[in-house]
Amino acid sequence: MNGGKKVNLMKFNQLGDNRGHLVVIEGCKDIPFEIARIFYIYGSDKEVVRGQHANKDSEFVLINVSGKSKVKIYYGNSEEIIELNEPHMGVYIPKMVWKEMYDFSEDSVLLVLSNFKYNPDEYIRDYNEYLALIKD
Ligand code: TYD
């Protein structure tokens, strides 16, 4: 399905001193892929549910660089809810994982890194189609 890769909670090093904090993320070093795409999500209300898709190619690392949100992920038979609430904390999501992001705080800025450029054709937005694909 995705080569046995697993959803993985990550803690990045905080290079802090009395001037504040700095987090570095280098492709294939701090995360398991080279970065081809960056986007960020902000201004989503508490009731909004985003995502609701799986990807045939793209892998992601999600980081709430400000505020917090929750990510519900479903793959195979397991469901997991992760709260992202620290700027040096991320979650790695391999391909073919169904994900939903919700419960955004007002100050939430959710940074997303991916190994592929945007291609709408690799997004599976129909849950039943996703279930059928992971069954095979
Ligand atoms: P969408 O995938 O619905 O966002 P989310 O998964 O956070 O709910 O994307 C919203 C819009 O942005 C949609 O019109 C597609 C566009 N988009 C891009 O053009 N490039 C991208 O890399 C992403 C993630 C979205």
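Side chains are part of it too, since the values below use all heavy atoms of this structure and drop only hydrogens, waters and symmetry mates. In listed order, ligands and their atoms are each counted from 1. Please read these numbers as outputs of a predicted model, since none were measured by experiment.
- For ligand 1, the atoms lying closer than 4.0 Å to a non-hydrogen atom of Gly51 are 5 (P), 6 (O), 8 (O).
- No more than 12 heavy atoms of other residues, nucleotides or ligands sit less than 6.0 Å from atom OH of Tyr40.
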Between Lys72 and Glu80, does the salt bridge (charged side-chain N to carboxylate O under 4.0 Å, His left out) criterion hold? Intermediate values first, please. CA-CA 6 Å; Lys72 185 154 92 178; Glu80 218 175 304; over 6 Å; no
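- Residue Gln52 does not touch ligand 1, judged by heavy-atom distances below 4.0 Å.
- Any N or O atom pair closer than 3.5 Å counts here, and His53 shares at least one such pair with ligand 1.
- The neighbour count for Glu79 CD, taken as heavy atoms of other residues, nucleotides or ligands under 6.0 Å away, is above 12.
- Atom 1 (P) of ligand 1 is flagged as protein-proximal [any protein heavy atom, distance under 4.0 Å].
- In Glu100, neither the side chain nor the backbone holds a heavy atom less than 4.0 Å from any atom of ligand 1.
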Steps toward ring-ring contact (aromatic ring centres under 6.0 Å, His included) verdict (Tyr123, His53): CA-CA 6 Å; Tyr123 276 70; His53 46 58; 4.9 Å; yes
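- Shown here, atom 4 (O) of ligand 1 is in close reach of the protein: a heavy atom of it lies under 4.0 Å off.
- Numbered from 1 in the order shown, with element, the atoms of ligand 1 that lie under 4.0 Å from a heavy atom of Arg125 read 1 (P), 2 (O), 3 (O).
- When each of Tyr118, Phe33, Phe116 is checked for a side chain to side chain contact (heavy atoms under 4.5 Å, CB included) with Ser58, only Phe116 meets the rule.
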Evaluate the criterion ring-ring contact (aromatic ring centres under 6.0 Å, His included) for residue pair Tyr75 and Trp98; output intermediate values, then yes/no. CA-CA 6 Å; Tyr75 53 113; Trp98 188 266; over 10 Å; no
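- Closer than 4.0 Å to atom 18 (C) of ligand 1 lies at least one heavy atom of the protein.
- Taking every heavy atom of Arg37 and a limit of under 4.0 angstrom, the matching atoms of ligand 1 come to 21 (C), 22 (O), 23 (C), 24 (C).
- Atom numbering of ligand 1 starts at 1 in the shown order; those under 4.0 Å from a heavy atom of Ile41 are 7 (O).
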Could you walk me through whether Ser69 and Arg50 pass the side-chain hydrogen bond (donor to acceptor under 3.5 Å, both in side chains) test, one step at a time? CA-CA 11 Å; Ser69 70; Arg50 302 200 60 129; over 6 Å; no
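- With Ser105 contributing its side chain and Gly67 its backbone, the two residues share no donor-acceptor pair below 3.5 Å.
- Between Tyr123, Phe60, Phe39, Tyr118, it is Tyr118 that holds the heavy atom closest to atom 20 (N) of ligand 1.
- Neither the backbone nor the side chain of Val112 has a heavy atom within less than 4.0 Å of ligand 1.
- Between the side chain of Tyr92 and the backbone N or O of Leu62, no donor-acceptor pair lies under 3.5 Å.
- Within a 4.0 Å radius of atom 13 (C) of ligand 1, the protein contributes no heavy atom.
- At the top of the distance list for atom 10 (C) of ligand 1, counting protein heavy atoms only, stands Arg50 NH2, 4.1 Å.
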